[in-house]
Participant: 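One structure is given below, represented as structure tokens, and several questions about it will come after.
Both backbone and side-chain heavy atoms feed into the values below; hydrogens, waters and symmetry mates do not. All chains are named by letter (A, B, ...) in the order of the sequence lines, taking the proteins before the strands, and each is independently numbered beginning at 1.
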There are 2 protein chains.
Amino acid sequence: MLGISDKDQHVLNVGELLAQHDIAPTQQRRQIAQILFAQPQHLSADQVLERVNQNGTVASKATVYNTLGLFARKGLIREVIVDPSKVFYDSNTSAHHHFYNIDTGLLQDIENQELNLQGLPTLPAGVELDSIDIIVRVRTAE
Amino acid sequence: MLGISDKDQHVLNVGELLAQHDIAPTQQRRQIAQILFAQPQHLSADQVLERVNQNGTVASKATVYNTLGLFARKGLIREVIVDPSKVFYDSNTSAHHHFYNIDTGLLQDIENQELNLQGLPTLPAGVELDSIDIIVRVRTAE
DNA sequence: CTGCTTGCAAAGGCTTTGCAGAACA
DNA sequence: TGTTCTGCAAAGCCTTTGCAAGCAG
């Protein structure tokens, strides 16, 4: 396997991705998607804002927030809520769960085969399933 | 089993509970504990504030926040984070998980026997387990 | 006395909103 | 030309903090 640099991975077809999800492909949305999908990762809104404007101003704070919310609603990315003061956006939407280090704030994927639920619980009446989040909170060992 | 009313349940020995957890039993803390442990429930800081001052002022906002944080650190109650803009405090600290209705904001317990994890995932190096939260998000059926 | 607790009000951090200008079809 | 999108700044919401006064032992 020859090395594929981060830079090369950036050259993915983001326009098609947006089109598939019924999202008008504006400059800002393309750039934000570029960042999110360069690799599977967990970024906060602030981190996205920072990265998208790293080389010149591309999008404002409002646009980043709006875009992330839009992407999440359309199913391109997943919101991960582990800390009341910050939402992470996960560009990996396949079934998997998370480790959250409460000391460092680091969020990591748990390989799905490592963690299996024994059957779905019976849902309360009148509701339907949206999603299941499993957060394994860890702290740095003394 | 003769009925025990909610009111009777309020007459629990909160002083002892605080002492067991190394918490100085002030008026405010006793009142807040009284509310939390009247029954297993999920309350936000704001709801606690409201209830504690229902019949005359007992505690300020700052004290309620400080006290809930203290109780959580000391293990009397558990923080449940399901919504980035609000933390719930759960007076049931036994192993169990939650349904969260994203439309109504209602948080409900899942009986533990209904949901079992198949083995712990291998923890990343250098960390130790803190807790595991499972949130089953549901929405009101159409 | 001495240290812990309380409470007010102000500050703080993250996110949303209103609205005018810009972009695109 | 009309609709959608962007962005600034202001507002909003929940939570934390600074600091003086209060309370307990």
Participant: Among D:dT6, D:dT16, C:dC14, which is the nearest nucleotide to the side chain of A:Tyr65?
Facilitator: C:dC14
Participant: Can you check the B:Tyr89 OH to D:dC14 C1' distance for me, whole Å?
Facilitator: 11 Å
Participant: The test is salt bridge (charged side-chain N to carboxylate O under 4.0 Å, His left out); show your working for B:Arg139 and A:Asp130 and say whether it passes.
Facilitator: CA-CA 6 Å; B:Arg139 60 184 118 71; A:Asp130 178 81; 3.4 Å; yes
Participant: For the side chain of A:Thr63, starting at C-beta, report the closest nucleotide among D:dG7, C:dT6, D:dC5.
Facilitator: D:dG7
Participant: Verify, without hydrogens or angle tests, whether A:Arg137 (side chain) and A:Tyr100 (backbone) share a donor-acceptor contact under 3.5 angstrom.
Facilitator: no
Participant: Taking atom C1' of D:dC19 as reference, at what distance in whole Å does atom CG of B:Asn66 sit?
Facilitator: 13 Å
Participant: Consider the side chain of A:Ser60, meaning its heavy atoms from C-beta on, and name the nucleotide among C:dG7, D:dG7, C:dT6 that approaches it most closely.
Facilitator: D:dG7
Participant: To the nearest angstrom, how far is A:Leu70 atom CG from D:dG7 atom C1'?
Facilitator: 16 Å
Participant: Rounded to whole Å, please give me the gap between NZ in A:Lys86 and C1' in C:dG13.
Facilitator: 9 Å
Participant: Work out how much the helix from C:dC1-D:dG25 to C:dA25-D:dT1 bends between its end axes, five pairs an end, to the nearest 10 degrees.
Facilitator: 20°
Participant: When the nearest nucleotide of DNA chain C is assigned to B:Ala62 and to B:Pro84 on a heavy-atom basis, which residue is associated with the more 5' position?
Facilitator: B:Ala62
Participant: If only side-chain N and O atoms count, and only distance matters, is there a donor-acceptor pair under 3.5 Å linking B:Asp90 with B:His96?
Facilitator: yes
Participant: What integer distance in Å separates A:Lys61:NZ from D:dC8:P?
Facilitator: 11 Å
Participant: Measure CG/A:Asn53 against P/D:dT6 and give the value in whole Å, please.
Facilitator: 13 Å
Participant: Please determine if B:Arg51 and B:Asp46 form a salt bridge, counting it only when a charged side-chain N lies under 4.0 Å from a carboxylate O.
Facilitator: no
Participant: Quick one: A:Asp46 CG to C:dG13 C1', roughly how many Å, whole number?
Facilitator: 9 Å
Participant: What's the separation between atom CD in A:Gln28 and atom CG in A:Asn53, rounded to the nearest 0.5 Å?
Facilitator: 9.5 Å
Participant: Nearest of D:dG7, C:dC14, C:dG7 to any side-chain atom of B:Gln28?
Facilitator: C:dG7
Participant: Using whole Å, report how far CZ of B:Phe88 lies from P of D:dT15.
Facilitator: 10 Å
